[in-house]
Amino acid sequence: MNTRKTLALALAGLGLLLAIAGPFLPGGVHLTLKDPPRSGHVTSLTALPNGDVLAGTQTGEVWRLQSGRWTRAKLNIGGEPVLAMIDAPGRAPVGTAAGLADAPVGTPPLEGRVSSLLRTDRGLLAGTASGVRLLANGRWQAPGPEANIYSLLKQRRGDGEWLHAATVGAGLLSTPAADAGAPWQPNNLALPDGLNVFSLATTTGGLLLAGTNQGLFWQSSPGQPWQSLHPGLDGQRVLSLYPDTRGTRLWIGRDDGLYWLDIAEQDATLTVTGELTAADSPAYQPPLGVSWIVAAGDRVMISAGAVYAYGSTQLAGWYWISLAGVVLILIAGWLTPRPETAASQSGA
């Protein structure tokens, strides 16, 4: 009888442990869906300084991830694809495929595709299909030259600030931030002709990175020759970039998923310190290209038609472990001696 009771207690303890531990067992680090209940593909992903994340969609929706929960912003932007956001809904205009939406009262209209927005000391910059536009003194200025602008970036360096425009077909255009209203100049020394530039980023030391349809390049300072960062990316489309805040890892979005490179910079030189690494196995990589990468707390988030988070996950099939724990508890209950059985055996 004592042996049966001891076995029952042991099974009950093990079962309780398995039932509780199941949901908490680690399943590795993977990309998992963290998608808003949206309609249409996600076309824009933006991280706010407070840690919230904004997702714009092909059907004109704007969703906000706050404290782990998605809520839809009450914006009426005509159902056009959302291409550019720089602040919380209602606090800044939104760039769409049909122009600037949700702008403050008195802002002159800006029609046509607005693919990127950037605040500067000179005024609001907008990237359009026909060039950079600068909102200053209550009107839109066109510094030129005419180009199909894909994205905009401010580069902070020890010698001042620069503004850069990634273009489709014309490489990069650049200008000192103080001269935002003057004509922007080509910044393509040593780059292939007719380059499509999809993404721009800066390292912690202020070096400029450009993801293109022909690989990933870096530049020590504006006007200097561009250099390929890694031969494994030569000829590849680099759709998005995100250097982490430590400056030691560069996240890279490609047509076939999320990758990273470990990097180091010293004396205006950028070097690769590790191999080009896929962030996840093909089974977990998204089916579409990674067009945006942002930081959200301790995780990296990406958009690839839908929104994914990269981080620790539960063990696949953890519920079977919890179920096994429940079964062991039931078996333990069956094995536990009943009081009447113990009494009859004692009387005998």
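A quick note: this is a predicted structure, and the numbers were derived from the prediction, not measured.
Taken to the nearest 0.5 Å, the CZ atom of Arg91 stands 11.0 Å off from the CD1 atom of Ile86. To the nearest 0.5 angstrom, Leu288 atom CG is 7.0 Å from Tyr308 atom OH. The distance from atom CG of Leu258 to atom CD1 of Ile302, rounded to the nearest 0.5 Å, is 5.5 Å.
A donor-acceptor contact under 3.5 angstrom links the side chains of Arg113 and Ser115, judged on distance only. Side chains of Thr43 and Gln58: no donor on one and acceptor on the other come within 3.5 Å. For Gln285 and Asp280, the side-chain atoms include no donor-acceptor pair closer than 3.5 Å. For the residue pair Ser39 and Glu61, a side-chain donor N or O sits within less than 3.5 Å of a side-chain acceptor on the partner. At a cut-off of 3.5 Å, with distance as the only test, a side-chain donor of Ser291 or Ser303 sits close to an acceptor on the other residue. When only modelled atom types and interatomic distance are considered, Glu265 and Thr204 share a side-chain donor-acceptor pair under 3.5 Å.
Contact detail for Ala306 and Leu33: the closest heavy-atom pair is CB-CD2, 3.8 Å. Shown here for Trp292 and Leu83, the closest heavy-atom pair between the two residues is CZ2-O, 3.9 Å. Here the closest non-hydrogen pair linking Trp70 and Pro37 is CB-CD, 4.2 Å. For Leu189 against Gly223, the heavy-atom pair with the smallest separation is CD2-O, 3.7 Å. The nearest pair of heavy atoms linking Pro104 to Thr107 is O-OG1, 2.9 Å. Of all the heavy atoms in Pro183 and Gln185, the pair that sits closest is O-NE2, 3.2 Å.
For Arg299 and Tyr310, the positive end is not near the middle of the six-membered ring at less than 6.0 Å and at most 45° from its axis.
Screening Glu161, Gln219, His164 against Gln155 for a side chain to side chain donor-acceptor pair (under 3.5 Å) leaves a single residue, His164. Screening Val94, Thr59, Thr96 for a side chain to side chain contact (heavy atoms under 4.5 Å, CB included) involving Glu80 leaves a single residue, Thr96.
Other residues, nucleotides and ligands contribute at most 12 non-hydrogen atoms within 6.0 Å of the CG atom of Asp121. Surrounding CD of Gln224 are more than 12 heavy atoms belonging to other residues, nucleotides or ligands, all under 6.0 Å away.
Side-chain atoms of Thr46 come within 3.5 Å of backbone atoms of Met85 as a donor-acceptor pair (strictly under, hydrogens ignored). In this structure, Asn50 contributes its side chain and Asp52 its backbone to a donor-acceptor pair below 3.5 Å.
Comment: Asp262 engages Arg249 in a salt bridge, judged by a side-chain N to carboxylate O separation of less than 4.0 angstrom. At a threshold of 4.0 Å, the pair Arg119-Asp87 counts as salt-bridged, since one of the basic side-chain nitrogens sits closer than that to a carboxylate oxygen.
Aromatic ring orientation, Trp251 versus Trp260: perpendicular (interplanar angle above 60°, classes split at 30° and 60°).
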Point to revise | Verdict with reasoning, Trp162 to Arg157, per side chain to side chain contact (heavy atoms under 4.5 Å, CB included) | key: CA-CA 8 Å; Trp162 286 76; Arg157 295 174 43 82; 4.3 Å; yes
Exercise for review: Evaluate the side chain to side chain contact (heavy atoms under 4.5 Å, CB included) criterion for residues Asp255 and Leu239: first the C-alpha distance (whole Å), next the side-chain angles of each, then the deciding distance (0.1 Å), finally the verdict.
Suggested key: CA-CA 7 Å; Asp255 288 305; Leu239 303 176; 3.6 Å; yes
Practice item. Determine, step by step, whether Ile252 and Leu241 satisfy the side chain to side chain contact (heavy atoms under 4.5 Å, CB included) criterion, reporting the C-alpha distance in whole Å, the side-chain angles of both residues, the deciding distance to 0.1 Å, and the verdict. Key: CA-CA 5 Å; Ile252 299 166; Leu241 297 169; 4.1 Å; yes
Review point. Passes side chain to side chain contact (heavy atoms under 4.5 Å, CB included), Asn196 versus Arg237? Steps please.
Key: CA-CA 9 Å; Asn196 297 337; Arg237 294 207 319 165; over 6 Å; no
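The shortest distance between side-chain heavy atoms of Thr203 and Trp218 does not fall below 4.5 Å.
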